[in-house]
Amino acid sequence: MIDLSVNLNKIALIRNSREGDYPSVLAFAETCIAAGCDGITVHPRPDQRHIRPSDVRALAALIERHPQLEFNIEGNPFASPQGSYPGLLALVEETKPHQCTLVPDSNNQLTSDHGFDLTRSGAELEPIIRQLQAWGVRISLFMDPDLEQIRLAKAIGADRIELYTGPYAAAWDQPDTLEALHERYRQAAQLAVDIGLGVNAGHDLNLDNLTRFATIPGLLEVSIGHALTVDALRLGMDSAVRAYKALLAQAR
Ligand code: PXP
C-alpha cells in the first residue's frame, strides 16, 4: 500500500500566527498517528515561518516512540543557517529522520514549485547525499517528471525521488493536458523503478486528484499537507487522515 506521510507545516503556520503553542503541532501529530498515518513530514525553512527547529526535535522524539512510523524532513541543503535555524544538514544530523527529501526551494519562495536541475546542482549535491546517507538517512530528491534528470538522480546516489505533482494537480480540470501529464508521470515513475530508485510524490495532492495519481507505477509514499489540513477543517484531522488512508487502500 502507498504510505501517507502527513505534512504538518500548515498546523505550525496557524500556531505561529499567535504567541504560544496553540494549535500544538505535537498534538496534531499524535492525532495523525492515532488515525493511522504512516509518517510525518516537516519542511523547516530558514525564516521559520511554519516549522521551527524545536518542532523538528520534538517530533523526532515523538516518532521514535512509534517504530512503525517514518519521519521525513524536507528542505534545501544549500540554505544558510539563520538565527536559531541551524541549517538542514545540522538538523538532520541531530534528529536522524528516516528520510530527508532535498528540495531546491529558495528562501523567498512561497512553496516548493520545481524539481532539481541536476545538470547544474548534481555535482554539489553528490557529497551532501553521501554525508546524509552516512548518518543512516534515506535520501529522496524533489524532481520533475523528466527522464534525463531522473537518470542523473540515480547517478549521484539518491535512494528515491519525490515527483513534484503541482502541474498534475493544476491540470485537474483540463482533461487533455491531464492525460498527457499522467503519461509523463507514469513514464518517469516507471524509469525510476527500472533503475532502482524508489518513488514518492507530493504537492497539491488532494482527495479528488489522488485516486488517479495513485495508479502511477511503483509509488511508495505521498506526502500531503495543504489539502489535508483544509479537509481537516471540515472533517476533523482524525477523519481527514482516515479519508486519505481509505483512498490509498483502494488504489490500483
Ligand atoms: N513535497 C514538498 C517537497 C513540499 O515542499 C510540500 C509542501 O511543503 C509538499 C510535498 C506537500 O505539498 P502540499 O502541502 O501541497 O500537500
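Just so you know, ligand 1 is whichever comes first in the structure, and atom 1 is the first atom listed for that ligand. All residue numbers in this chain count up from 1 along the given sequence.
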Pairs flagged by side-chain hydrogen bond (donor to acceptor under 3.5 Å, both in side chains) wherever residues 86-95 is involved - sequence neighbours left out: Arg57-Glu94

Scan for ring pair (Phe, Tyr, Trp, His ring centres under 6.0 Å) pairs involving residues 207-246, sequence neighbours excluded, and state none if there are none. Tyr168-Phe213, Tyr185-Phe213

What residues sit with at least one heavy atom under 4.0 Å from ligand 1? Asn7, His43, Glu74, Val103, Ser112, Phe142, Glu162, Gly202, His203, Asp204, Ser223, Ile224, Gly225, His226

Exceeds 12 heavy-atom contacts within 6.0 angstrom, atom CG of Leu110: no

With a 4.0 Å cut-off on N to O distance, would you call Glu179 and Arg212 a salt bridge? yes

Strictly distance-based, threshold 3.5 Å: is any side-chain N or O of Thr229 a donor or acceptor partner for the main-chain N or O of Lys10? no

With a cutoff of under 4.5 Å between side-chain heavy atoms, which Ile, Leu, Val, Met, Phe, Trp and Tyr residues group with Tyr164? Val103, Phe142

